[in-house]
There are 2 protein chains.
Amino acid sequence: METKFSDKLSDIRLHYKIWMSDANETGIMGDGKWQMLKLIEEKGSMKAACDELGYTYRRTWGNLKKIEKFFGFPLLEKQRGGSDGGHTALTEEGKRLVRAFDAFHKAVDSQIQEGFEKFINELKK
Amino acid sequence: METKFSDKLSDIRLHYKIWMSDANETGIMGDGKWQMLKLIEEKGSMKAACDELGYTYRRTWGNLKKIEKFFGFPLLEKQRGGSDGGHTALTEEGKRLVRAFDAFHKAVDSQIQEGFEKFINELKK
DNA sequence: TACCGATATGCATAAATAAACATATCGCTA
DNA sequence: TAGCGATATGTTTATTTATGCATATCGGTA
């Protein structure tokens, strides 16, 4: 419990990112899009979700287009015009994708956190 | 086993990155530096490790400096000059850091892979 | 002591990524 | 039918990050 590392270990923060690509290494789904899709599902609006996450609408629009391009069918159901200007919802497939990613994260998050704690404790020895 | 997702799922590749930062969000240790440190340990040379990983010496040198700056003590033992031009080895602390990161990855890699496979299978349903 | 190959480091350039800006379209509502 | 707010999308500008280039130092060996 008294190594050279000791006094710095409490300042260390863990980060990780999980994503998936097509064979051409183009990112098609990952933590960022997952979060965005979840928030769109919740808010019913791309713009609202972008505002909350601090992403630009332009960027998000392009990113989401990539997923749909890869799968070849829509994950989002968009509607323009109307009293509220328009809205966006997830299709059934969109929801399935998000739920599957939810489960993925649920399975690994605690493992990674636990591994990190062991890492820190190992350095404290 | 026959969803809209089915025919694309075999093309999906998993990626993930784990790293750590200081309180200021400056990256101090992660998969890239881990790999590099391991290879330096194996090769006894920064240059040789850079060549093998395809990183520029310039970049690597700067990156490794960040870790040492954060911890405040050397993880690398460098030597300039000599018949072979010089060489680099890990200090005891450097080795401890690498071993701890080895264990971290050993603990999470299979979990993540397994989670990914479940993710794919879930979408196949 | 001149040379070689690796470490050391500043600086300028390029490539990748994101942000900003600019419009256009759409369809309800006043 | 004029206006509003969100979706749609091209273009330009910034920011970030990596690469490239240049040069210096070091210390065995020929």
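Quick note on labels: first sequence line is chain A, next is B, and so on, each numbered from 1.
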Given [N], is OP1 or OP2 found less than 4.0 Å from the side-chain N or O atoms of [X]?
X: B:Thr56; N: D:dT19; value: yes
X: B:Lys78; N: C:dA6; value: no
X: B:Thr88; N: C:dT7; value: yes
X: A:Ser83; N: D:dG5; value: no
X: B:Arg59; N: D:dA18; value: yes

Quick one: [X] [atom1] to [N] [atom2], roughly how many Å, whole number?
X: A:Lys47; N: C:dC26; atom1: NZ; atom2: P; answer: 21 Å
X: A:Lys33; N: C:dT17; atom1: NZ; atom2: P; answer: 12 Å
X: B:Leu90; N: C:dT7; atom1: CG; atom2: P; answer: 13 Å
X: A:Asp84; N: C:dA30; atom1: CG; atom2: C1'; answer: 16 Å
X: A:Leu64; N: D:dT9; atom1: CG; atom2: C1'; answer: 14 Å
X: B:Gln79; N: D:dT25; atom1: CD; atom2: P; answer: 19 Å
X: B:Trp61; N: D:dA18; atom1: CH2; atom2: P; answer: 16 Å
X: A:Leu76; N: D:dT7; atom1: CG; atom2: P; answer: 10 Å

**Item:** Which residue lies more 5' along DNA chain C, comparing B:Arg58 with B:Met46 via nearest heavy atoms
**Value:**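 Of the two residues, B:Met46 wins.
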Sugar-phosphate, base or nothing in reach of [X], heavy atoms under 4.0 Å:
X: B:Tyr57; value: base
X: A:Lys43; value: nothing
X: A:Gly86; value: sugar-phosphate

**Item:** Geometric class of the B:Phe71/B:Phe73 ring pair [parallel <30°, tilted 30-60°, perpendicular >60°]
**Value:**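 Judged by the thresholds at 30° and 60°, the geometry between B:Phe73 and B:Phe71 is tilted.
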**Asked** Do the rings of A:Phe119 and B:Phe104 sit parallel, tilted or perpendicular, given the 30° and 60° boundaries?
**Response**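 Correct class here is tilted.
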**Item:** Ion pair B:Lys47/B:Asp51, N-O distance below 4.0 Å
**Value:**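 Here B:Lys47 pairs with B:Asp51 in a salt bridge, since their nearest N and O are under 4.0 Å apart.
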**Prompt:** Can the ring centroids of A:Tyr16 and B:Tyr16 be said to lie less than 6.0 angstrom from one another?
**Reply:**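 No, ring centres 6.0 Å or more apart.
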**Message:** Once rounded to the nearest 0.5 Å, what's the spacing between atom CZ of B:Phe5 and atom CZ of A:Arg96?
**Reply:**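 Between atom CZ of B:Phe5 and atom CZ of A:Arg96 there are 6.0 Å.
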